[in-house]
2 protein chains.
Amino acid sequence: MTSATILIVDDETAIREMIRVGLELAGYECLEASNAQDAHGIIVDQRPDLVLLDWMMPGTSGLELLRRLRRDELTRDLLVIMLTAKDDEDNRVQGLDVGADDYITKPFSSRELMARIKAIMRRSTNRDEEESIEVAGLKLDPSSHRVFVDATPLDMGPTEFKLLKFFMTHQERAYSRGQLLDQVWGTNVYVEERTVDVHIRRLRKALQTELRDCGLLIQTVRGTGYRFSTTGVCA
Amino acid sequence: MTSATILIVDDETAIREMIRVGLELAGYECLEASNAQDAHGIIVDQRPDLVLLDWMMPGTSGLELLRRLRRDELTRDLLVIMLTAKDDEDNRVQGLDVGADDYITKPFSSRELMARIKAIMRRSTNRDEEESIEVAGLKLDPSSHRVFVDATPLDMGPTEFKLLKFFMTHQERAYSRGQLLDQVWGTNVYVEERTVDVHIRRLRKALQTELRDCGLLIQTVRGTGYRFSTTGVCA
DNA sequence: TTAAACTGTCATAAAATTGTCACTTAAAAT
DNA sequence: ATTTTAAGTGACAATTTTATGACAGTTTAA
């Protein structure tokens, strides 16, 4: 496996050092930048595989840099993990919307950081599989972000879409509410497990066309969670 | 669900109390320690599921204790959430690499603490993949949490599922009701032994398809208990 | 800015599961 | 053949776990 290159952007030298040591130990190649300007140059020039970007920095903020990266066609798909301080937490949602692939709150453990990096990279490796998935007469098209049953588009919210996508790519297996939260909502999002039930309901409702109102696709696994299965669907 | 045990380590009694009340209200069992020495003893002795560890304490610091825990094979995987005060934040770089599973900065809301605990615990419950077991035309698949006879899924309750799973992994041997209670229901659960009979019946019923109504799989061992056996099945 | 769309939580209704009984049936023991 | 003891069953009420509808706070789009 070709070792990935990671750019660390943080104005605090100590933090950069700490992270770098850990990453290099784990076999990653590291680049560093202490401000957004340098970072941008390095990104364009060296094309790292992933950027660890501090939220707060003197001058151009990490947030601003992220926005710029996402605007540019060349850097749009760059993986970015935002490093936020506790105080910034309120803004994290905003950060994700701008398009960070993940964020991690300082202070964090190297364990956690490593786990996130691996998770993100793994996810991106499969990014080519953005072909539409088709299961049980259901077609999910990631690029257009829509779901069809036969030719008619179904209407559902973003969360339901993500949930369905996860289910369609992980069929025939039971997942606990906790696992679904991790997989669909993302790690480090604190949401009640019961919320999953509600979205399951919304998804079931959305999938329920006049024709196919057999709600058997998303099955309840009592005491455990839910399962997406085509077995036993529509007699 | 078995409630988890959490050890609270903080030198301030008031804080421990506050946390304990909240956790117990949420159904967790709590242990307390006011210093690192005691904490270590309790950890080794009682093996809590998670430790809330104050960073700053007189004597051995929480940081030092965490280091020690991570060094020891027996406590390496223990979940630890560090409680840090605002003032400690300067030192956080030091702690980044010690390997706490999460950090939370004082003062924090009980809601936040609860959320983190839940998140951490569910993430750690990464049960490894279990192979599906197949016996006598019966297939039990742990990952999908289902049982099939040929290709048709069988319907049964959680307890019956656990019972069947136990039997399928412990064939050809007689178990007393008491042993079954221990193995399937879990130790220290007060349930009448005769209850086993009822669940055995329910399981037998569930396994009884139109085709295979030979209830010989689960055999009665008079005066002793039950046995799962493939010998003498379906004449 | 307003209206429409989403989200996460609750409270409450609905279902499914559980442990026990009381009673029947089957197997040993007398 | 009777009596005794163990196991099989159907019925229940209590308890758990899910399903749902309603809401209030937010975000998004027009």
Side-chain angles (χ1 to χ4, degrees), chain A residues 89-99 145-146 153-164 174-178 180-181 184-186 188-208 213 215-227, chain B residues 1-3 26-27 109 111-112 114-115 118-119 145 154-164 174-178 180-181 184-186 188-208 213-227:
Chain A
E89 252 184 48
D90 297 333
N91 307 319
R92 72 191 179 198
V93 179
Q94 200 182 342
L96 283 175
D97 286 346
V98 177
H145 223 258
R146 291 215 292 182
L154 296 181
D155 188 49
M156 65 180 76
T159 305
E160 281 67 62
F161 183 83
K162 277 185 281 185
L163 188 55
L164 178 59
Y175 291 94
S176 70
R177 294 174 175 71
L180 290 173
L181 281 178
V184 177
W185 275 254
N188 71 16
V189 172
Y190 308 125
V191 172
E192 288 293 320
E193 297 208 335
R194 282 287 152 214
T195 299
V196 174
D197 296 33
V198 178
H199 283 278
I200 286 281
R201 177 185 143 281
R202 288 170 180 161
L203 179 52
R204 278 173 171 163
K205 204 178 214 173
L207 294 175
Q208 204 170 71
D213 70 305
L216 295 173
L217 269 180
I218 298 174
Q219 306 168 344
T220 300
V221 183
R222 214 143 225 277
T224 301
Y226 298 94
R227 167 183 53 218
Chain B
M1 184 171 289
T2 50
S3 150
S109 68
R111 182 186 154 70
E112 185 181 0
M114 226 58 83
K118 265 193 275 185
H145 214 267
L154 263 41
D155 187 51
M156 64 180 76
T159 304
E160 282 68 61
F161 185 82
K162 279 184 280 186
L163 188 56
L164 177 60
Y175 291 93
S176 71
R177 293 174 175 70
L180 290 173
L181 281 178
V184 178
W185 275 255
N188 58 35
V189 176
Y190 173 64
V191 172
E192 289 293 322
E193 295 211 331
R194 294 288 269 120
T195 297
V196 174
D197 295 33
V198 179
H199 282 279
I200 287 282
R201 178 187 143 280
R202 287 171 181 160
L203 179 52
R204 278 173 170 163
K205 202 178 213 173
L207 294 174
Q208 204 171 73
D213 71 304
C214 44
L216 295 173
L217 269 179
I218 298 175
Q219 306 169 343
T220 301
V221 183
R222 198 150 230 277
T224 304
Y226 298 93
R227 168 181 51 216

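Labels below follow one simple rule: chain letters A, B, ... track the order of the sequence lines, proteins then strands, and each chain is numbered from 1.
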### Task
Could you tell me the separation between the CZ atom of A:R201 and the C1' atom of D:dT18, rounded to a whole number of Å?
12 Å
### Query
Would you say a side-chain N or O of B:Y226 is under 4.0 Å from OP1 or OP2 of D:dA6?
no
### Point-to-point distance, once rounded to the nearest 0.5 Å, from NE2 of A:H199 to CG of A:L163
8.5 Å
### Task
Compute whether any side-chain donor of one residue and acceptor of the other, for B:E192 and B:Y190, lie under 3.5 angstrom apart.
yes
### Query
Tell me, do A:T220 and A:R204 make a side-chain contact under 4.5 Å, heavy atoms counted?
yes
### Message
Minimum heavy-atom separation for A:V191 and A:L181, please, with both atom names.
### Response
O-CD1, 3.5 Å
### Task
Could you state the atom-to-atom distance from CG of A:L163 to P of C:dT7 in whole Å?
11 Å
### Query
Once you build an axis from the first five pairs and another from the last five of the helix from C:dT1-D:dA30 to C:dT30-D:dA1, how far apart in angle are they, to 10 degrees?
30°
### Task
Report, as a single string ordered 5' to 3', how protein heavy atoms within less than 4.0 Å touch nucleotides 17-30 of chain C: B base, S sugar-phosphate only, - not at all.
SBBBB----BS---
### Task
Could you tell me which non-hydrogen atom of A:R177 sits nearest to which non-hydrogen atom of A:V196, and how far apart they are?
O-CG2, 3.8 Å
### Message
Rounded to whole Å, please give me the gap between CG in A:L181 and C1' in C:dT9.
### Response
13 Å
### Task
Grab the CZ-C1' distance between A:R204 and D:dG21 for me, whole Å please.
16 Å
### Message
Is there a side-chain contact between B:T220 and the phosphate of D:dG8, meaning an N or O under 4.0 Å from OP1 or OP2?
### Response
yes
#### Entry: d(CG, B:D197; P, D:dA7) in whole Å
7 Å
## Note on the structure
When rounded to the nearest 0.5 Å, the distance separating CZ of B:R227 from CG of B:L217 is 12.0 Å
### Task
Of all the heavy-atom pairs spanning B:A174 and B:T224, show the shortest one and how long it is.
CB-CG2, 4.4 Å
### Task
Round to a whole Å and report the spacing from CD of B:Q219 to P of D:dG8.
12 Å
### Query
About how many Å separate CG of B:L207 and CZ of B:R202, when rounded to the nearest 0.5 Å?
14.5 Å
### Task
Decide yes or no for B:Y226 and B:V221: does some side-chain heavy atom of the first lie under 4.5 Å from some side-chain heavy atom of the second?
no
### Task
Would you kindly compare B:G225 and B:K205 by the position of their nearest DNA chain D nucleotide and give the one closer to the 5′ end?
B:G225
